[in-house]
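Okay, so here's the structure we're looking at.
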Amino acid sequence: MTDPGPRGDSPAEGAPPPAFRPGQASRPAGAADGQPGPRPPGPGQAGPPPFPLRAPLRLSPKVLFIDPVRMLPSLLLPLLGVLFVGGFSARSYGWALLGIVGTVVFAIIRWATFTYEIAGDRLETKRSLISRSMRTIPLERIRGVDVSTPPMHRLLRLAVLKIDTGASGGDEEAELDGVTLEEAERLKALLLRRAPRQEGPVPEAAAAGPAERPIIKVPRRWLLYGPLSGAYLLTPFALVGGAVGLAFQWGNELGFGQDAAWNLGQWLWERPYLLLVTAVLLVLAMPVLGALMYAVFTWDFELKRRDGYLVAERGLINRRSVSLESARVRGYEIVDGLAERWAGVVRVWAIVTGLGDSQTRGQLLPDVPRAVAHQVTEDAIGPYTAALRPHPPVARNRRLFRAIFPWALIALVSGVAAWGTGTMVWWVLLVLSLLLAGVGIPLGLDRYASLGHGYDGVRVAVRSGSLRRSQAVVERRAVVGWRLRQTWFQRRGGVLTLIAGVGAGKGGYEAIDVSEAQGADFPAEVTPEWLAPFRNPAPPEPPSTPNPQTPPTGPPEAPSAGSTVTPSSGPLVTPSAGSPEAPRVTPSAGSPEAPRATPPAGSREVPPTGSRGAPPAGSSDPPPSGSAGAPSAE
């Protein structure tokens, strides 16, 4: 019988070693952690098949239909220049065709020289177009995966996968532009599942439930709230400005010169009624185009929980899916404008650690009713249960002053100028400034009413703003420090700005114009262990009282009045005459530190020359001249 050899990981003699690739475990397949692998085959037996070498992956070849089209805008001006210079001849068309072919060849080379691979605990992307570059991203550093499908990608069933590690600010760390939808979902599930979660426990609401659970799907009728946010209201003016810039930049190439655009502008300037009509049309188009753009970007907004992640999907033309790790969510920010507050709707963003481009990727809800927003944040992140604390009246006076004083000053200057010159322009400016000063009164009061801060034992909340009011709610464990800021005007009013430093979101959230007492008490309430040594210092320790039963370790003191010193073989503690509580300490005879013996009754002891001590007890002589000793209390 052939000896199979020792058990272990090394292959038997004569058996070909298994193929090895980076990131692959050296333990044989089928071996459990801490257990030996299967017995290797003996001589003459067929060894196990070698591990297959997996080639690096590439993007889908269908992306070659997209790259040349995306490059055409940058090639449009050169191609038009070639055609104009060549007089639209056959030779100019040939050069233009050669440029298009070169673009396609360049796209093919870019596709062929880009690979990606998940090797062990890292993602590797390689590109070797001109210079070879390789980027390695540890899976444990991945904070989120963003999958989007632009229009051309959607037609070809492709997707763009962006990986965010939070280390590159607002940009993504890696991008795979042109993977199939199936590959994008596979990579997304693999990258998010392999990324560990070690920054605190997930809330109970996040831990419960199935692997995928819908939280909310925004109804399409709520898209009518879009114009209230004001985010897309300036779309008509942006389109007109872009058209004017395009005419001045590409006018000559498109047969519409800059001179023609300038002449058209002068013609409109000479007819102010046409400018007024154009302005009115743009203002009327603001809510329509704003609502249209809002619907394009937030179409079918859906928030759900999937495998420990909050997943937000939205978009009509470009469908986008953003995943936020629940364990890294530290709170949320509720934002509403003045018009949104009147309608009772708000927007919600998540406060996440290590998230780049948080204003775009961190959106949890578009414009939804306030009650729905509070219900969703309570389910997805956690509730805030305490009321906000008001700020001192000085904060109200400061807001009223800043809302009224500038316009009142302009009104004063305009009134003086109008009285001195009598020009109509100054009278119009006077009326407008007075109206704006009057509007500043309710605006200042609303800004004061919006101020507040609070703590419910788990989460900290701060709120401020009026035209754009924001309330940030962060967990207490996310607070990493406090900062007090006080300007010269705030010192005069006795208020300050308290900033809670947070390692997520904006990095810090302000409680504006709190009183000095609130600025000292609130941090001590939220983080008492940080400030307790400064607010309540430990009292000094009382001086220790020597134990009368223990012989003194230092030099002996002079015997007290009324005590006697007698030689003895050991220490003797006896109360003195007339004082039962005063002990009499008698050191051993012959001790070098023993005091002099008590002189006989009626005798007199003369102190040594140069002695600065007091005379012995019982002596009627005063202390010698120049002595530092004081007479006895008796």
Q375, CD: over 12 other non-hydrogen atoms inside 6.0 angstrom:
no

Is it the case that atom CZ in R483 sees more than 12 heavy atoms from other parts of the structure closer than 6.0 Å?
no

Trace of the side chain to side chain donor-acceptor pair (under 3.5 Å) decision for D177 with H153:
CA-CA 9 Å; D177 187 355; H153 289 70; 2.8 Å; yes

Salt bridge check, K304 against E313: does any charged N sit closer than 4.0 Å to a carboxylate O?
yes

Measure from the side-chain N and O atoms of T149 to the backbone N and O of R319, and report whether any donor-acceptor pair falls under 3.5 Å.
yes

For Y509, the option from I499, V460, V473, I351 that meets side-chain contact (heavy atoms from CB on, under 4.5 Å)
I351

What closest approach, in Å, do E340 and V335 show between heavy atoms, and which atom pair accounts for it?
OE1-O, 4.4 Å

Taken in chain and number order and not counting sequence neighbours, the residues that satisfy side-chain contact (heavy atoms from CB on, under 4.5 Å) with S464 are L451, I512

Any pair with a residue in residues 423-444 that passes side chain to side chain donor-acceptor pair (under 3.5 Å), sequence neighbours left out, goes on the list, sorted by first then second residue, please.
T421-T423

Residue set satisfying side-chain contact (heavy atoms from CB on, under 4.5 Å) with V495, at least two apart, ordered chain then number -> P392, V394, R398, Q490, D513

Around atom CH2 of W407, are there more than 12 heavy atoms of other residues, nucleotides or ligands at under 6.0 Å?
no

Residues forming a side-chain contact (heavy atoms from CB on, under 4.5 Å) with P528, sequence neighbours excluded
none

Quick one: side chains of residues 281-291, donor-acceptor pairs under 3.5 Å with protein atoms, not counting sequence neighbours, listed by atom name and distance.
none

Crowding at CH2, W419 (>12 non-hydrogen neighbours, <6.0 Å)
no

With under 30° as parallel and over 60° as perpendicular, where do the rings of Y225 and W222 fit, or are they tilted in between?
tilted

Less than 3.5 Å apart, which donor and acceptor atoms pair up between the side chains of residues 441-450 and the rest of the protein, not counting sequence neighbours?
| residue | atom | partner | partner atom | Å |
| --- | --- | --- | --- | --- |
| D446 | OD2 | R341 | NH2 | 2.9 |
| D446 | OD2 | S466 | OG | 2.5 |
| Y448 | OH | H391 | O | 2.7 |
| S450 | OG | D446 | O | 2.9 |
| S450 | OG | G465 | O | 3.0 |

Before accepting this row, confirm whether a basic side-chain N of the pair R220/D300 lies closer than 4.0 Å to the acidic partner's carboxylate O.
yes

If we count only N and O atoms by modelled type, under 3.5 Å, do the side chains of S326 and R305 hold a donor and an acceptor together?
yes

